[in-house]
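Atoms within a ligand are numbered from 1 in the order they appear, just like the ligands themselves. Numbers here simply count residues along the sequence, with the first being 1.
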Amino acid sequence: MTRKTNFGAGPATLPAEVLQQLSAAMLSYGHTGLPLPELEHRGAPFAAILEECNALLRELCDIDNDYEVLWLHGGGRQQFCMVPQNFLTPHTTAAYIDSGYWAREAMQYAAYYGQSVTVASSADTAYDRLPEWPATLPLNTAYLHLTTNNTIYGTQWHTLPAATAPLVADMSSDILSRHHNYRQYALFYAAAQKNLGLPGVAVAVIHCDMLARANRNVPPLLSYAAQAREKSVVNTANVMGVYASLLMLRWTKERGIDAIEAENAQKAELLYNHLASSKLFQTRVAVAAHRSLMNVCFSATDTRHEKALLQLCEEHNMTGIKGHRSTGGFRVSLYNAVRLPDVQRLVTLMQQYEDSVQE
Ligand code: PMP
């Protein structure tokens, strides 16, 4: 069966060569004589996988050994739990920037562990832009949390003002998509299923000064300090998932962040330019400077066009462009493994549809 072009927001499309290497390893990993799912999580081959993952991530993010890199279970939401569990105390407050669904969800998880406040929000304009950066933070702020790319609303922080508290970033949907100053964060994390591999895995990268402040009374599986001590192997690790991340990191390095950033900008420009000239489809994001290069969200002027375009795409082997259930409309995800010709084909199809309707 022909492989569909997947513009889905996650699990996202993976490069064919990564899938080929992963399937070969599923049957037999390297010279071990074992299928990847049977690889011992405390053995030397997996230790080497982890070591290479850490080195590549550090290199691609341009960070040093003063950051711990951890490969953890539970995807993005487990980080929503671990961040407050490890850093919120009875005497501190967690400050959250509310830029949409995932940012809010992160804050709601934090409320289970202690006190959290919203310090900026664009809820009043239905998240059609980023909020104003908070002018002040509560005095006892443990950390300021933000979502660098808002997967559902299609907004993205392209630059960040300085923060007066340790910055914690959910980078699930734009990690490694561009050159970025990762050193501004005390902690950044990402669910792997967009630019970094398979669902269920998350990477968390923590500066050692932040790690030194972590709460001690946390069960080892959920403790950043214990995971750092045990080199991400507190329990039976997701060997397959972490290996998929390694393949994605190698693929990312081979292409290079320069080339990835340039192609991501081209893909997004193509689609936003098309939307700007379209009479049937319009972008959801009001402020051009806030538009995401990873998730382009738009709506149809008429639900008739919405249904027709969704169907047309499926007929042409393109899938995953339906907007999130909470927003409706469309969302085209342009993660690193989505290539420029894929977007060109989509835009051509949209144009053909628009021409056929207007004739
Ligand atoms: N944060 C962001 C920005 C996301 O886009 C997502 C998922 N799409 C999550 C967190 C949640 O990830 P998970 O489903 O792995 O819990």
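Listed by number with element, the atoms of ligand 1 under 4.0 Å from a non-hydrogen atom of Gly75 are 15 (O). Interface of Lys194 with ligand 1, defined as ligand atoms under 4.0 Å from a residue heavy atom, comprises 5 (O), 7 (C), 8 (N). Each of the atoms 12 (O), 13 (P), 14 (O), 15 (O) of ligand 1 lies under 4.0 Å from some heavy atom of Gln193.
When Tyr101, Trp102, Tyr189 are checked for heavy-atom proximity to atom 7 (C) of ligand 1, Trp102 turns out nearest.
Aromatic rings from Tyr67 and Tyr182 are positioned such that their centres are separated by 6.0 Å or more. Ring to ring, His305 and Phe330 are not that close: their centroids are 6.0 angstrom or more apart. For His145 and Tyr96, the ring centers are positioned less than 6.0 Å apart.
For a threshold of 3.5 Å applied to N or O pairs, the pair formed by Gly76 and ligand 1 contains at least one separation below that value. Considering backbone and side-chain N/O atoms, Thr147 never comes within less than 3.5 Å of an N/O atom of ligand 1. Residue-to-ligand polar distances keep Asn149 apart from ligand 1: every N/O pair is separated by 3.5 Å or more. An N or O contact shorter than 3.5 Å links Arg77 to ligand 1 by distance.
Counting only heavy atoms of the protein, atom 3 (C) of ligand 1 lies nearest to Thr151 OG1, 3.3 Å. With hydrogens left out, the protein atom closest to atom 1 (N) of ligand 1 is Asp170 OD2, 2.6 Å, a heavy atom.
Taken together through direct or relayed side-chain contacts under 4.5 Å among Ile, Leu, Val, Met, Phe, Trp and Tyr, Leu349 and Leu334 form part of one hydrophobic cluster.
Counting only distance, with no hydrogens or angles, the side chain of Thr155 and the backbone of Leu130 share no donor-acceptor pair below 3.5 Å.
Counted by atom type alone, Glu354 and His274 present one or more donor-acceptor pairs between their side chains at under 3.5 Å.
Ion pair Glu314/Lys4 flagged as a salt bridge, since at least one NZ, NE, NH1 or NH2 atom sits closer than 4.0 Å to an Asp/Glu carboxylate oxygen.
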Would you be so kind as to tabulate the donor-acceptor pairs closer than 3.5 Å made by side chains of residues 78-85, with sequence neighbours excluded?
from: Gln78; atom 1: NE2; to: His73; atom 2: O; distance (Å): 3.2
from: Gln79; atom 1: OE1; to: Tyr224; atom 2: OH; distance (Å): 2.6

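Counting heavy atoms under 4.0 Å from ligand 1, residue Glu105 does not touch it at all.
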